[in-house]
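To start, the structure itself, in structure tokens.
Any value given below was found using the heavy atoms of this structure, including those in side chains, with hydrogens, waters and symmetry copies removed.
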Amino acid sequence: MDDIIELKHDIDKKLEKEEANLAVLRQCLKKYDTNTTGMINILNSFEERLQNLEKTIVPVYNETENLRRRQENIEKTSHTLDNVLSFYHTAKDVEATIKEGPAVSDLETYMSYVEKVLKAKKYFETHSPNSKELKEIERIFEEGKDALQHEFRSLLNRHGRPVPPIVIIDLLHSDEELPPIGTDTDLALEQLPEKVTQDLVIISKWLTEYGRSTDFIRIYNAARSTVLSRSLVGLKEHLKSSSGSSFSGSCLSFGGQNSPAGVGKFRGSKEAPGRQSMKKFVNFTKKASSLLQLEQGKPGHRRQGSYPDAAKEDASSRETKMYISELSALLRLMQSEAHLMKGIIPEKHQRTSFDNIIQQALDSIVNEGELLAGTARKSVARHEFTDVLSIFPIVQHLRAVKPEFDLILEGCQAPTRAKLTSLLSTLDSTGAKALEEFTESIRHDKSTNMPRDGTVHELANHTMIYLEQLLKYVEAAGAMLLMHGEKPTPSASNTPDCCRNKAADYITKVLSALGLNLSNKAETYSDPALRPVFMLNNFNYIIKALTRSGLLDILSKWNPQIATFYESQILEQKRDYSKSWSKVLHIILEVDKPMSQQRAASQDNAKLKDKERQNIKDRFTGFNKALEEIYRVQKTYAMPDSELRASLIAENKEYMVPRYTLFYEKYSNLNFSKNKAKYLKYEPVDVGALLDKFFDASA
């Protein structure tokens, strides 16, 4: 019971405590209600005050906004009025400056005045199209346009100078080239200062957009065409004025020459076109003379006939070198012009403008090439075929650079694009005609100036020199023959292998005609022994020249039997030559024996019969006379090639000495005469020594 009472007591205490808390909460709620009522009253009062304030301020604000708008309208009207008034005063304000032109003030300032005239013109055209003010503004506008065109022309004439020859030469010598057309780059030959180019761009854009004029394009075309032509003329005059050595060394060699500072700049990345063909031609003029010196320097070599005029060859080769330089220079300058006009000439007019710019220079180059072709045709008519070789490096170089010319000429008129193609065709046909005529001249050569000593004939000499010079341009020669020969083929199908094979076929025909002609000429010799010597010298010279020059490699791919043919011909001529010893051999060979070997051995100390003694004397006497006669004649024979001379002498000794030794040993010990020394003039060793002196007139 006590526990229950105690529990009840605790519950009562807790209840009292909760009731007290409830009373406090009720007091708080009452206070909050009072506060809420007070706040609501305050807010209601504030709202009433705001409403009263709004009723007071809004009319003031509206009035102020109206006043602001009126002020803005007044200001806009005033500004517009000022602008309109300025348009009426524009003619008076800018006329003096416009008349003076950009030369007095800088271009930027002048363009600002022109802009004012343009704005005034637009205003009057819109608002007062029939006013006298519009006519005045239009007059000043035209004056401004004329002044800009005059400044455009003046900038081109003042700063558009020909490219110095040394800069062009450095450009041709470098491994670099201008970037392809359409490439965004500044790596181009700087023909105009950058500031001048910028001014030209500004003027051209204004004249195109606002001036509605393309007259400036004609001005640009004329100016740049003159500069391009003068650049090529200057280069040509520079090359002409150069001496022979400086021309070869400084004008056409390839290496590290640098242009003077401030003259021009150029950079690039790709190898210049045709550079290999230019390098091949550097020593072209020295080829013939060096070959002649090489052959003339050999012991015993004597060749009759005249040699090509070195001075004439040098003059011809200089013309060729200059023309090749001009071709390359034209390409580089054309590329430079194409880059220069970007931005200055509107894109839609660029190809037409470029066509007009290059016409004069291109015509000059083409006409010069046609003159060279005409000169070559005259040389063919005179049978001066070495001179015709000068067009071969031109053809090879032109064919090498033509793809770049085709690229730069894209978009030009068809006649312009066809000019270089026509020139190449003319040169090709001229070269093909020269090659064919050369073969005919070899086949029908009737020259009678035969070398008395049987040395290499001048026809063989000149023919091999011609063919060796042709080797450098074997593909060009093959292409000429393929496109303009008996059975022309399209150039597209002329691969390098086809061209080389055609050239090999041509060279084979030339050699065949040469061999036949030499064989016919050999028959004119009255001395039968000299005929095979003559043919030996010529066949040996031909095969040596073919091997030394590399022609044999080309021919062997076409006909592997070429070397074998000449070797067999040399062997055959040696056999024919050996027949010249038949008289001597007849004497010493035991055909009509004075006595048998056994009788000669048994009669060493016995008395010979008179007939036997006389036969032995006749044999020795006949041998001595025959040997001396052959020596007298054949020592004057020429054997230019030391190897051929040594081999032929060795064969003679191998052929004669053993036979004479047998004869000598058989009869020299017999008492066939009281004065044996009279008959035994030559011991076998003496015969060998005498044979060593053959083919040497100085012996």
| field | Pairing residues for A479 by the side-chain contact (heavy atoms from CB on, under 4.5 Å) criterion, not counting sequence neighbours | value | R399, M483, C499
| said: Hydrogens and angles aside, do Q191 and R161 bring a side-chain donor and acceptor to less than 3.5 Å of each other? | reply: no
| All salt bridge (charged side-chain N to carboxylate O under 4.0 Å, His left out) counterparts of E143, not counting sequence neighbours | R139
| Who are the ring-ring contact (aromatic ring centres under 6.0 Å, His included) partners of H127, not counting sequence neighbours? | Y123
| field | Geometric cation-pi criterion R351 and F354, 6.0 Å radius, 45° cone | value | yes
| Are K402 and F405 in a cation-pi setup, meaning NZ or CZ lies under 6.0 angstrom from the ring centre and within 45 degrees of the ring axis? | no
| task | Check the pair E337, I358 against side-chain contact (heavy atoms from CB on, under 4.5 Å), reporting the backbone distance first and the verdict last. | result | CA-CA 9 Å; E337 291 295 337; I358 66 172; 5.6 Å; no
| field | Flag if over 12 foreign heavy atoms under 6.0 Å of CD, E108 | value | no
| note | Residue pairs passing the salt bridge (charged side-chain N to carboxylate O under 4.0 Å, His left out) test with at least one member in residues 52-61, sequence neighbours excluded, are none
Identify all side-chain donor-acceptor contacts of residues 24-39 below 3.5 Å with residues at least two apart in sequence or on another chain.
from, atom 1, to, atom 2, distance (Å)
T34, OG1, K30, O, 3.0
T36, OG1, Y32, O, 2.8
T37, OG1, D33, O, 2.9

| For residues H397 and S328, is any side-chain donor paired with an opposing acceptor at under 3.5 Å? | yes
| Taking atom types as modelled and ignoring hydrogens, do the side chains of T109 and D106 form a donor-acceptor contact shorter than 3.5 angstrom? | yes
| said: Under the rule for salt bridge (charged side-chain N to carboxylate O under 4.0 Å, His left out), what residues qualify as partners of R212, not counting sequence neighbours? | reply: none
| request: List in chain and number order the residues that pass ring-ring contact (aromatic ring centres under 6.0 Å, His included) with Y110, two or more places apart in sequence or in another chain; answer none if no residue qualifies. | output: none
| query | What pairs with E133 under salt bridge (charged side-chain N to carboxylate O under 4.0 Å, His left out), at least two apart in sequence or on another chain? | reply | none
| request: Keeping to residues at least two apart or across chains, list the ring-ring contact (aromatic ring centres under 6.0 Å, His included) pairs with something in residues 128-161. | output: F141-W206, F152-F216
| request: State, without any angle test, whether Q71 and R68 hold a side-chain donor-acceptor pair at a distance under 3.5 Å. | output: no
| request: Kindly indicate whether the side chain of E138, heavy atoms from C-beta on, has any atom under 4.5 Å from the side chain of E125. | output: yes
| field | For R500, side chain to side chain donor-acceptor pair (under 3.5 Å) partners two or more places apart | value | none
| request: Report the residues that fulfil side chain to side chain donor-acceptor pair (under 3.5 Å) with D355, sequence neighbours left out, ordered by chain and then residue number. | output: Q359, T416
| Can you name the residues that form a salt bridge (charged side-chain N to carboxylate O under 4.0 Å, His left out) with K119, not counting sequence neighbours? | none
